Amino acid sequence: MPLQEKMQKVRGWIQSAQRVVALTGAGISAESGVPTFRDAQTGLWARYKPEDLATEAAFRHDPQRVWDWYAWRRELVANVSPNAAHHALAEFGRQHPGRLTLVTQNVDGLHQQAGSEDVLALHGNIRQDRWLRPCPRERFSERDCEPATATEGRPPKCDVCGNQLRPAVVWFGEALPEISLFRADEAAGNCDLMLVIGTSGLVYPAAGLADVARRAGARVVIINTGPTELDDLADCGIRCKAAECLPELLLGETRMGVTAEEGV
Ligand code: APR
């Protein structure tokens, strides 16, 4: 089926759905210049696999290295802005209060920056810190750290108990924030339509939300530039860049010219 026909079909599904869940991954931020999680690491970090740095064990083993890696990633994120895909989801949420639940695996904070409210950020937020362990002096449990503060102590420590600050993200092997996951699961189990946008579908439990929706009778649409682990679940797959197709799908903004699938 040609891309434009798929777009029209999915646009109709979105317009008729009462409850929509959008599950996003790194691909939705690709057009903002944020490398997807599995992009090859560059420069100093080329020799490390993210999976070997994004763990509590790695942090305890070499706090400075892990802190510096996040300082580098924070710099990347500090200089990027939401793209048309983030803005389209935020606008849809504004136009249809209560109809959209936005669940993201991204830690870049771009959905929030675009104005989406009540974002269920399953993997945390790279712009915030939290204590490595409960600190007897909860002077601050989370703070928006600027990249500049990342150089003050690597990592910063509590001057009373020596506790270390760590990025407020979910590391491999750690539990996801319970309330966010519960709400995401509940929304997936009660929606009419799930849009799975820019995720490889490799990491659970987030990727499992598509199956929850499917089993509850929802339609599942996958929006991605390539194949994903969830393709077999999809009622429709749209191969396009999220920033190019979401404004049209969600808001009816025809901005897509002829695309590769149609032999541009
Ligand atoms: N538009 C749509 N999809 C895109 C775009 C784009 N412009 N660019 C890339 N993609 C797709 C890729 O084809 C890929 O399927 O985005 C997906 C990115 O996949 P990953 O890099 O695996 O990122 P993600 O799925 O978000 O990873 C999930 O895994 O490692 C953990 O915590 C990490 O949150 C991350 C989670």
Side-chain angles (χ1 to χ4, degrees), residues 3 6-7 10 22-42 45 48-56 58-59 66 69-70 73 76-77 80-89 102-111 119-128 166-177 180-181 184 194-210 220-234 236-250 255-256 259-261:
L3 178 62
K6 286 186 179 180
M7 293 285 291
V10 171
L23 170 65
T24 69
I28 199 168
S29 297
E31 301 330 296
S32 296
V34 178
T36 65
F37 194 83
R38 286 172 180 73
D39 272 354
Q41 300 241 87
T42 57
W45 303 104
Y48 297 102
K49 284 197 311 181
E51 290 77 9
D52 296 337
L53 292 168
T55 69
E56 181 174 335
F59 183 81
V66 175
W69 181 51
Y70 278 92
R73 292 181 62 196
L76 289 179
V77 168
V80 298
S81 307
N83 63 53
H86 299 104
H87 289 301
L89 281 164
L102 178 51
V103 183
T104 190
Q105 301 168 89
N106 298 342
V107 297
D108 56 31
L110 290 179
H111 283 302
V119 177
L120 301 180
L122 298 183
H123 294 170
N125 187 332
I126 200 169
R127 300 168 194 255
Q128 293 173 353
R166 49 155 289 180
V169 296
V170 176
W171 278 334
F172 286 101
E174 291 186 324
L176 274 61
S180 295
L181 184 56
M194 176 174 278
L195 305 174
V196 181
I197 307 163
T199 179
S200 56
L202 283 168
V203 172
Y204 285 75
L209 294 171
V220 175
V221 175
I222 292 183
I223 297 161
N224 200 303
T225 48
T228 81
E229 294 294 311
L230 301 172
D231 289 352
D232 294 346
L233 286 177
C236 182
I238 295 188
R239 283 284 172 85
C240 76
K241 292 181 178 177
E244 286 179 5
C245 63
L246 277 184
E248 181 169 345
L249 288 172
L250 292 169
R255 12 169 341 125
M256 288 180 70
T259 56
E261 275 211 353

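We count ligands from 1, going down the list as the structure has it; atoms in each ligand are counted the same way. What you see is a predicted model; the values in this text were computed from it and never measured. Computation of the quantities below employed the complete heavy-atom set of this structure, encompassing side-chain atoms and omitting hydrogens, waters and symmetry-equivalent molecules.
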Select one of side chain, backbone, both or neither to describe which atoms of [X] lie under 4.0 Å from any atom of ligand 1, heavy atoms only.
X	value
Glu31	side chain
Val203	side chain
Gln105	both
Ser200	both

Taking 4.0 angstrom as the limit and counting only heavy atoms of [X], give me the atoms of ligand 1 inside it, by number and element.
X	value
Phe172	30 (O)
Gly25	26 (O)
His123	32 (O), 34 (O), 35 (C), 36 (C)
Lys241	1 (N), 7 (N)

Parallel, tilted or perpendicular, as decided by the 30° and 60° cut-offs, for the rings of Trp171 and Phe59: tilted
Close N or O approach ([X], ligand 1; < 3.5 Å):
X	value
Ala26	yes
Asn224	yes
Ala30	no

Measuring from atom [atom1] of [X] to atom [atom2] of [Y], what distance do you get when rounded to the nearest 0.5 angstrom?
X	Y	atom1	atom2	value
His86	Leu102	NE2	CG	9.0 Å
Leu246	Lys241	CG	NZ	14.0 Å
Tyr70	Leu76	OH	CG	12.5 Å
His123	Asp108	NE2	CG	12.5 Å
Leu250	His87	CG	NE2	13.5 Å

Glu174 and Arg166 ion-paired at < 4.0 Å: yes
Tell me which one of Ile28, Ile222, Leu230, Thr225 gets a heavy atom nearest to atom 10 (N) of ligand 1. Thr225
Looking only at non-hydrogen atoms, which of Gly198, Pro50, Gly124, Ala85 approaches atom 17 (C) of ligand 1 most closely? Gly198
side-chain contact (heavy atoms from CB on, under 4.5 Å) partner of Ile222, the single match among Ile238, Leu195, Thr199, Thr228: Thr228
Within the distance-only criterion (no hydrogens, no angle test), does the side chain of Asn83 pair as donor or acceptor with the backbone N or O of Ala243 below 3.5 angstrom? no
